[in-house]
Novice: 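Got a structure for you, questions after.
Not measured: the values here are computed from a predicted model. Residues take their numbers from the sequence shown, with the count starting at 1.
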Amino acid sequence: MHKISHCLIIPAALALFAPASSAEILNCPAQIQTHPKASEVAGWEMLAEPAQHYFENAGIYSGHPREQASLVPDEQVSGKKLTARWSLPPDGPHAYWLGCSYRNTTVMAVRQLDSRYRSCRIEYAKRRGTGLEVKQIECS
């Protein structure tokens with residue numbers, strides 16, 4: 001009879017029962033800088049100063065966000081915080097994307113999500129008088 005070390009059995013057993021994929025925290029850029037460009041008007045010179053815009057919200061899209069196919073969360077739970085969840089079926093017609101929006105601009109930072117993700121959630125904190133603040137974006 002062969003002796004099998006417990007040092008080998010326990011890690012192997014833990015690997016069998018470990019989740020197939022772990023959650024990943026995604027971070028939108030905290031701020032972006034825009035350089036506005038105004039259309040020319042005859043007889044006028046246009047001046048525009050660069051502006052800083054701070055991260056405000058995020059959303060999940062089916063296909064590139066330029067197609068404006070923003071997905072509605074499957075579930076929202078409120079209390080002291082609000083959590084929005086999206087299911088990302090692997091057989092969807094398009095890749096899924098994360099879109100980050102910024103205050104006082106229509107510019108978005110966008111990123112295609114890893115195809116192995118099956119769900120994403122965004123956790124918000126309620127801010128006094130100003131709505132919600134994104135606390136965490138997590139996909140798994």
Novice: I want to check something: taking the side chain as every heavy atom from C-beta on, are Ser140 and Ser119 in contact at a cut-off of under 4.5 Å?
Specialist: yes
Novice: Excluding sequence neighbours, so at least two apart, what forms salt bridge (Lys or Arg N to Asp or Glu O under 4.0 Å) with Arg103?
Specialist: Glu56
Novice: For Pro65 and Val110, which heavy atoms make the closest approach, and how far apart are they?
Specialist: CG-CG1, 3.5 Å
Novice: Working to the nearest 0.5 Å, report the span between CZ of Arg85 and CG of Leu88.
Specialist: 12.5 Å
Novice: When you compare the side chain of Cys120 with that of Leu113, does any pair of heavy atoms fall below 4.5 Å?
Specialist: yes
Novice: Give a yes or no on whether a salt bridge exists between Glu123 and Lys135, defined as a side-chain N under 4.0 angstrom from a carboxylate O.
Specialist: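 Salt bridge between Glu123 and Lys135, a charged N being under 4.0 Å from a carboxylate O: no.
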Novice: Looking only at heavy atoms, which two atoms of Lys81 and Tyr124 are closest? And how far apart?
Specialist: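 It is CB-O, 3.1 Å.
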Novice: With heavy-atom distances below 4.5 Å as the criterion, would you say the side chains of Ile137 and Ile25 are in contact?
Specialist: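 A side-chain contact under 4.5 Å is absent here.
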Novice: Hey, are Gln52 and Gln31 close enough side-chain-wise for a donor-acceptor pair under 3.5 Å?
Specialist: yes
Novice: Spell out, yes or no, whether Val134 and Val107 are grouped together once hydrophobic residues are joined by side-chain heavy atoms under 4.5 Å, including indirect joins.
Specialist: yes
Novice: Considering non-hydrogen atoms only, spot the tightest contact between Pro89 and Ser87 and give its length.
Specialist: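 Result for this residue pair: CD-O, 3.3 Å.
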Novice: Ignoring hydrogens and angles, state whether a donor on the side chain of Tyr117 or Glu24 is under 3.5 Å from an acceptor on the partner side chain.
Specialist: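 The criterion, which ignores hydrogens and geometry beyond distance, is satisfied for Glu24 and Tyr117.
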Novice: Are any of the side-chain heavy atoms of Leu98 and Cys100 separated by less than 4.5 Å?
Specialist: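 The answer is yes; the side chains approach within 4.5 Å.
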Novice: Has Ser101 got a side-chain atom pairing as donor or acceptor with Asn57's backbone, closer than 3.5 angstrom?
Specialist: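 Side chain of Ser101 to backbone of Asn57: a pair is present.
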Novice: Can you check whether Glu67's main-chain N or O pairs, donor with acceptor, with Tyr61's side chain at less than 3.5 Å?
Specialist: no
Novice: With rounding to the nearest 0.5 Å, note down the distance linking CE in Met46 to OG in Ser39.
Specialist: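 The OG atom of Ser39 is 6.0 Å from CE of Met46, to the nearest 0.5 Å.
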Novice: Can you tell me how far CD of Gln136 sits from CG of Leu26, rounded to the nearest 0.5 angstrom?
Specialist: 9.5 Å
Novice: Quick one: pull up OH in Tyr102 and CE in Met108 and give me the separation to the nearest 0.5 Å.
Specialist: 9.0 Å
Novice: Do other residues, nucleotides or ligands put more than 12 heavy atoms under 6.0 Å from Gln33 CD?
Specialist: yes
Novice: Checking the side chain of Trp86 only, and the main-chain atoms of Leu71 only, is there a donor and an acceptor separated by less than 3.5 Å?
Specialist: yes
Novice: Atom CZ in Arg121, atom SG in Cys139: separation rounded to 0.5 Å?
Specialist: 10.0 Å
Novice: Provide the closest heavy-atom pair for Trp97 versus Gln112 in the form atom of the first, atom of the second, distance.
Specialist: CE3-N, 3.3 Å
Novice: Inspect the surroundings of NZ in Lys126 and state if more than 12 heavy atoms from other residues, nucleotides or ligands are less than 6.0 Å away.
Specialist: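 Result for NZ/Lys126: enclosed.
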Novice: Using the side chain to side chain donor-acceptor pair (under 3.5 Å) criterion, which residues pair with Thr34? Sequence neighbours excluded.
Specialist: His53
